[in-house]
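Comments concern the structure below.
Below, read A as the first sequence line, B as the second, and so on, with proteins coming before strands; counting in each chain starts at 1. Worth knowing before you read on, the calculation uses all heavy atoms, side chains too, and leaves out hydrogens, waters and symmetry mates.
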2 protein chains.
Amino acid sequence: MGVTIRDVARIAKVSISTVSRVLNDKCNVSEDKRVRVERAARDLGYIPNPAAQSLHSSRTGSLGVLLPFVSGEFYAEFLNGVDKTAQNGDWLLMISTSHNSEDELRAALKGMYRRVDGLLIMAPNITAESVLMQPHDDIPVVFVNTRCEDEAISLITFDNHGGMREMTRHLIATGHTRIGFIRGPVLAFDAAERERGYRDAHREAGLTVNEELIVPGKYSQQSGHDGAVRLLGMDPRPTAIMASNDDSAIGALSAIREAGLDVPSDVALTGFDDVPSARFTVPPLSTVHVPVRELGARSIEVLMECIKTGQISRLPHQTMDVELRIRKST
Amino acid sequence: MGVTIRDVARIAKVSISTVSRVLNDKCNVSEDKRVRVERAARDLGYIPNPAAQSLHSSRTGSLGVLLPFVSGEFYAEFLNGVDKTAQNGDWLLMISTSHNSEDELRAALKGMYRRVDGLLIMAPNITAESVLMQPHDDIPVVFVNTRCEDEAISLITFDNHGGMREMTRHLIATGHTRIGFIRGPVLAFDAAERERGYRDAHREAGLTVNEELIVPGKYSQQSGHDGAVRLLGMDPRPTAIMASNDDSAIGALSAIREAGLDVPSDVALTGFDDVPSARFTVPPLSTVHVPVRELGARSIEVLMECIKTGQISRLPHQTMDVELRIRKST
DNA sequence: TAGTTTCATGAAAACCTTTTCATGAACCTG
DNA sequence: CAGGTTCATGAAAAGGTTTTCATGAAACTA
């Protein structure tokens, strides 16, 4: 079917060993044959068969990326960083989603067996430890934003707890005491951390958390909308609403406006993540900036580094800083 | 390193041929050996080496997806449909981006040579014909939202022109005659089609297009913001602004609000794509609904079908319908 | 019972590379 | 000039799977 190394050898009138040498080592081959081989390869449009290369070298040239979802600005930005960095390093990306299901994660993992040289896994509602056994015992794995206590596992996170605590402090400092909180998914590690930040800031300020003000959410715009509707229906209603991420803040914003209220004069509103849209809401959203793209880039850098040095993930856990972006919604 | 078919054969005390038969054909093998093999495979956690399988069968089990970008809600939604459909069909995805550069596209194409069984390409500012030669002569290729005249090339698009014409008609019907237009990227096929829709609706209504009212943009929120600032600075200013996509409409919306104007009473605003956020802007955005996720899903379905039937893309061009979603911004 | 068919089984080839090994030829060195 | 070294080259093995082919035993048919 395709053109193989034999074809090149035949046209160049040399052995396939020589062709391979020219195309790889570039040493110990006469000038004469080198040009013949290079010319034949170019004329035929020869590209080595990656399956054969991989079979021999057990390298694939691909990285596996496993995310909970692929839609939404957060993941899109993350992928942006991942993609750019991988492309620079000349790696191909194999991408799959788990929908936060451990079974799907395992299935994807199995599907990528021997198809990738390293794995990047984001699984906020599964522990890294529970996933890591399984077939991939001999390639580096880097976890991102995942619950993980084992220091021997490579992990990169950002400060979910600290970011939300800071933001809560900011609201308390500007006089709010009745602050609604729209949670993230029940099982998500990062959602729990964010809620913990909300609680800790209250405690530090000597305020007790009114459990009624914490309503469920799913990080989606729709769930943020619904959560805000619920909070606004309370009497007295909260003077501020903290959404667990920007998407739900955007949903909450539309609910607040539908109720005929103004942000921030009637209700202050905050998000988390600082997705690109957060700058362009009306009013611009005060939120916790997470370096999402850099997070993706860094994760791939670490993974590439592990592969290069042959390490099966023994890097210290890294936590990326977040910072408040106070705009006009508070 | 890993466990191979030989190991299974050794443990089960049969030949490797028998192991392969058990794991594939399932015919012509005695019950006795079958259970021994199945048991050994399970105990050892055997997974066939995909490189070896691919070398033999020249199947990879992967699909290549080439997009201009990966960030932004549009691509994220598209990927969502792609991912779900591929996962259902038990295909892995190899994803890469071209950044609208023909060179990058070619490089990615070359990188995917023999690594995928089919290709999905979205390249709005390149023609399908110019890309299609190159190494991939023997696998199916499906183009999406790409300029393509050759009927022998598989293509799936949506009605960029008709959608924008309809939306323009809607604005004209509600009394607008001075309608600003924020373009998309200069070389993008779909951006040109959308502009053509804007112009055609004007012509049909007997209006001449004021070229000054057409300002450049890049489909991004920032460029939409800048475009709107420019349009609002005109005297008299337009009574409506059409953005070429939702992202730039979101940017324009923030610019309009910064100028102290109201949507829609001072300025009407429209988008294109109907990304998830469009429902949650304030006010909710009138836009042209594009079935983005279905587009991704359909493209993969077509690709899988081509692969199954062994066709190298001879399907008739398909155009998916778009429809107006009139919300509160007009 | 002799001859034929069916069937389970293992050996070996093929897929395409890369790399090791063996073979000579050409080149030094004392 | 004899012995040793360097170097270009091709043959062959290895990597793990699937598939074809050959073998021989068991099962049928006349």
Out of D:dT18, C:dT17, C:dT18, whichever nucleotide has its closest atom nearest the side chain of B:Ile5: D:dT18
Listed pairs under 3.5 Å, donor-acceptor, residues 61-79 of chain A side chains, sequence neighbours left out:
from	atom 1	to	atom 2	distance (Å)
A:Ser71	OG	B:Asn80	ND2	3.2
A:Glu73	OE1	A:Ser277	OG	2.7
A:Glu73	OE2	A:Ser277	N	3.4
A:Glu73	OE2	A:Ser277	OG	3.2
A:Glu77	OE1	A:Arg293	NH1	3.2

Would you say the side-chain atoms of B:Glu301 pair up with the backbone N or O of B:Thr85, donor to acceptor, closer than 3.5 Å? no
Under 4.0 Å between a side-chain N/O of A:Gln53 and OP1 or OP2 of C:dC16, yes or no? no
Charged N-O contact under 4.0 Å between B:Lys308 and B:Asp117: no
Could you verify whether a donor N or O on one side chain and an acceptor N or O on the other, from B:Asp190 and B:Asn160, lie under 3.5 Å apart? no
Reading nucleotides 6-13 of chain D from the 5' end, what letters show protein touch, with B for base, S for backbone sugar-phosphate only, - for no heavy atom under 4.0 Å? --SBBBB-
No-hydrogen, no-angle side-chain donor-acceptor test under 3.5 Å, A:Ser17 and A:Ser20: no
Please tell me if A:Asn49 has a side-chain N or O lying less than 4.0 Å from either OP1 or OP2 of C:dT17. no
Expressed as a whole number of angstroms, how long is the span from A:Leu55:CG to C:dT19:P? 13 Å
Does A:Thr4 put a side-chain nitrogen or oxygen below 4.0 Å from OP1 or OP2 of C:dC16? no
For salt bridge (charged side-chain N to carboxylate O under 4.0 Å, His left out), just list the numbers for B:Glu38 and B:Arg42, CA-CA rounded to whole Å, side-chain angles, deciding distance to a tenth of an Å, and then say yes or no. CA-CA 6 Å; B:Glu38 277 167 352; B:Arg42 193 159 24 79; over 6 Å; no
How many whole angstroms separate atom CZ of B:Arg59 from atom C1' of C:dA14? 17 Å
Using a cut-off of less than 4.0 Å, is there contact between a side-chain N or O of B:Tyr46 and OP1 or OP2 of D:dT17? yes
